[in-house]
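Whatever order the structure lists ligands and atoms in, that order sets their numbers, starting from 1.
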Amino acid sequence: MKLVIAQMKHETNTYSPVPTPLARFAVGGVPLEGASAVAAVRGTGSAFAAFIELAEAAGAEYTVAIAASAWPSGPVHDDAFEHICGRICAAVALGCDGVLLDLHGAMVTQSLEDGEGALLRRIRAIAPTVPIGVALDMHTNLYDAMGANCSVIAGYQTYPHVDMHGTGLRAGRALIALLQGRAQPTMACGRQAMLPHVMRQGTDDSPNKEVQARCKQMEAEGALCASVFVGFPNADIHDAGLSAVVVTDGDEAKARRWRDELLQMAWDARAGFVYQTEPLADSLARARQLVDARPAGAGPVVLLDHSDNCASGGTMDTMTVLGAMLDAGFCNAAAFAIYDPVAVQQLAAAGVGATVTLPLGGKLDMPSLGLKGQPRTVTGCVKLLTDGVYRNIGPMSAGDLNSMGLTAVLDVGGVQVVVISDHVEPHDLAAFTAVGIAPQRLSVLMLKSRVHWRAGLRSLAHAVVECNGTGVCTSDYTALAFKHLRRPIYPLDENARSTLS
Ligand SMILES: [Zn+2]
């Protein structure tokens, strides 16, 4: 058995001004291929690593075409997409029995709304009968071309995504069973007329907790893979939103029945996927009360700047929430992080121990929201400089190597502001260890994150206050102009109806 294994992951925020060239898909330079890609991912918590483990356990010969994964940002540059697709298609063209792909499922390029569908179509054109197994992120925006051009799809069933590896196992086992003649996967895919808010998608909470539990139950009852994709709404494309895919062993009617059950279940729970924002001043006042009443020895009150999370395509340089935090006079506090490579260079030039006054953040305009970047001038002491490289300890993306680039910690009146040169989302304790901050010792911790921070940090928090700041991953749909999204859709339109009705 000969397999081609590859990774192509990007969640595209079409409102984001952050560019997505090929270099964003690699830690330093171009994406890895072949043996160096295998060495980089082996033992990590990715679907990609699971594919390699399964191939080796099955005694298969395998080729790793490319390992390409980028933090979310604006549309992928066409030449980057062509490079990644080209490497995968070239490997398939050499001949193989099966293909295993670790994809995101929400890639938009400068020219295409559905990057994954385009990739799968190209592979099918080269090798029309070769089975293809695909692992997808729960934030997939599912297009028909994806389901029509592969054999098996499995999606994450957790958010924060702590089951990426397990998802690779689910997709990979079903595909290998097909290749070994032990199963005949048949797949039913469908969308629902819903655009769930990201802040209401976490699987610790209802309704997604129950929806994903039903997917797991279906797999226990015989489905090869059952997945509900809550979708990524900060993408103005036709098919953004919720979808479901069920794969059974040869039972087409059951696959369709289970798919419809999942789509109906999500529709019935639709009100629970709607997020109501709170005025920032109210959030800060609540945070003040929580901080003042915090028992001795308790962890920090987390201020969650959920409008500007780089893991949803945010610039990570808006200063609204950090500014409010500084104005509120919180101390024994930290903020992770502000993306500002220019400021980092200034802080590095000044050196550790120097007191510096500089405009921080706000370097990137957000034309999709009609906003100009708004830096805030701060004065602080440079506490630390580092190359910003760290390895996750988990539970999400355990073992992955991350780089925040040259990084500085600037102490602004008792708030340790982490200033970074490359995007990373704070979901792993190792990010803090790398900059000498022990979050459990703080009174207040500002995080630019939405749901993933829960993976590695929630257990440390005394309380969380969700702060409605500024940014292109806002959960306030009224701030986003949807021009290409299919309508009607819930909750944007009162006349939205279930696709099953
Ligand atoms: Zn996701």
Engineer: Taking 2.8 Å as the limit, list every protein N, O or S atom around the Zn ion (ligand 1), by chain and residue number.
Structural biologist: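 Within the sphere that stays under 2.8 Å of the Zn ion (ligand 1), the protein atoms of type N, O or S are Asp137 OD1, Asp137 OD2, His139 ND1, His161 NE2.
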Engineer: If the condition is side chain to side chain contact (heavy atoms under 4.5 Å, CB included), which residues does Ala50 pass it with, not counting sequence neighbours?
Structural biologist: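 With sequence neighbours excluded, Ala50 shows a side chain to side chain contact (heavy atoms under 4.5 Å, CB included) to His165, Leu169, given in chain and number order.
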Engineer: What residues form a salt bridge (Lys or Arg N to Asp or Glu O under 4.0 Å) with Asp268, not counting sequence neighbours?
Structural biologist: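 Here no residue qualifies.
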Engineer: Should we count CZ of Arg214 as having more than 12 external heavy atoms under 6.0 Å?
Structural biologist: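 More than 12 within 6.0 Å, yes.
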Engineer: Report the relative orientation of the aromatic rings in His139 and Tyr159; use parallel for angles under 30°, tilted for 30 to 60°, perpendicular for over 60°.
Structural biologist: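 Plane angle over 60°, so perpendicular.
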Engineer: Tell me whether the guanidinium CZ or amine NZ of Arg200 lies under 6.0 angstrom from the six-membered ring centre of Phe273 and within 45° of its axis.
Structural biologist: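 No; the conditions do not both hold, so Arg200 does not lie above the ring face of Phe273.
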Engineer: May I have all residue pairs that pass salt bridge (charged side-chain N to carboxylate O under 4.0 Å, His left out) and include part of residues 460-487, sequence neighbours excluded?
Structural biologist: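 Every pair satisfying salt bridge (charged side-chain N to carboxylate O under 4.0 Å, His left out) with a residue in residues 460-487: Arg487-Asp493.
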